[in-house]
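Take a look at the structure set out below.
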Amino acid sequence: MSKATMIGKITCVDGKNEELEAVFARMVSATDEEAGTEVYSYHRGDGNDYWFFAIMSSQDAAKAHGQNDAMKAAMADVGGLMAGPPEISMAAPLTAKGLDV
């Protein structure tokens with residue numbers, strides 16, 4: 001079974017960066033108890049753009065991640081902080097330095 005990669009972009013509402021970053025920190029902490037999460041990270045880009053990158057052990061783990069209570073609650077918190085809907089793409093990792101893909 002192949003691993004699953006999630007890559008996404010979230011644009012923050014002006015002036016809400018600290019609030020959004022606090023929600024991201026809670027989301028990352030919530031993955032500590034989540035089976036199948038190998039890499040889970042957020043990155044700040046230019047302006048109000050943030051990038052999300054995750055590698056899950058399987059497609060099933062990726063689905064379960066989005067359905068757990070902690071992620072549902074975090075997504076509710078993020079809703080009012082985003083300037084628009086997130087752009088999220090799914091992929092399968094092929095090769096990487098520093099990651100077991």
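No experiment lies behind these values; they were computed from the predicted model shown.
- Nearest heavy-atom pair across Met82 and Ile10 is CG-CG2, 3.6 Å.
- Side-chain contact between Tyr40 and Met27 is present, with heavy atoms from C-beta onward closer than 4.5 Å.
- Connection of Met71 to Val23 is established within a shared hydrophobic cluster, with ILVMFWY side chains joined at heavy-atom distances below 4.5 Å, either directly or through further cluster members.
- The distance from the NZ atom of Lys3 to the CG atom of Leu99 is 8.0 Å, given to the nearest 0.5 Å.
- The cluster map of Ile, Leu, Val, Met, Phe, Trp and Tyr, joined by side-chain heavy atoms under 4.5 Å apart, puts Met90 and Ile55 in different clusters.
- Inter-residue side-chain proximity for Asn48 and Thr11 is flagged as met; some heavy-atom pair is nearer than 4.5 Å.
- Residues Met56 and Met6 meet the side-chain proximity criterion, which asks for heavy atoms closer than 4.5 Å.
- Residues Ala4 and Ser58 come closest through the heavy atom pair CB-O, 3.8 Å.
- The shortest non-hydrogen separation linking Leu20 to Cys12 is CD2-CB, 3.6 Å.
- When hydrophobic clusters are built by joining Ile, Leu, Val, Met, Phe, Trp and Tyr residues whose side-chain heavy atoms come closer than 4.5 Å, directly or via intermediates, Val39 is not grouped with Phe24.
- Between Thr31 and His65 there is a side-chain heavy-atom pair separated by less than 4.5 Å.
- With a 6.0 Å radius and a threshold of 12 heavy atoms from other residues, nucleotides or ligands, Asp32 has its CG atom above the threshold.
- Here the CG atom belonging to Leu94 is positioned 9.5 Å from the OG atom belonging to Ser2, to the nearest 0.5 angstrom.
- Considering only heavy atoms from C-beta on, Ile7 stays 4.5 Å or farther from Glu87 through its side chain.
- Between the Lys16 side chain and the Gly80 main chain, no donor and acceptor come within less than 3.5 Å of each other.
- Separating the OG atom in Ser89 from the NZ atom in Lys9 is a distance of 11.5 Å, to the nearest 0.5 Å.
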Verdict with supporting geometry, Tyr42 and Phe53, ring pair (Phe, Tyr, Trp, His ring centres under 6.0 Å): CA-CA 6 Å; Tyr42 288 92; Phe53 174 74; over 10 Å; no
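- Lys63 contributes atom NZ, which lies 7.5 Å from atom CD of Gln59 (distance to the nearest 0.5 angstrom).
- A donor-acceptor pair shorter than 3.5 Å can be found between the side chains of Glu21 and Tyr50.
- Closest non-hydrogen pair, Lys72 versus Gly66, comes out as CG-O, 4.2 Å.
- Ion pairing between a basic and an acidic side chain is recognised when a charged N comes within 4.0 Å of a carboxylate O; Arg44 and Asp49 show no such pairing.
- Counting all heavy atoms, side chain and backbone alike, Pro93 lies closest to Thr5 at CD-OG1, 3.1 Å.
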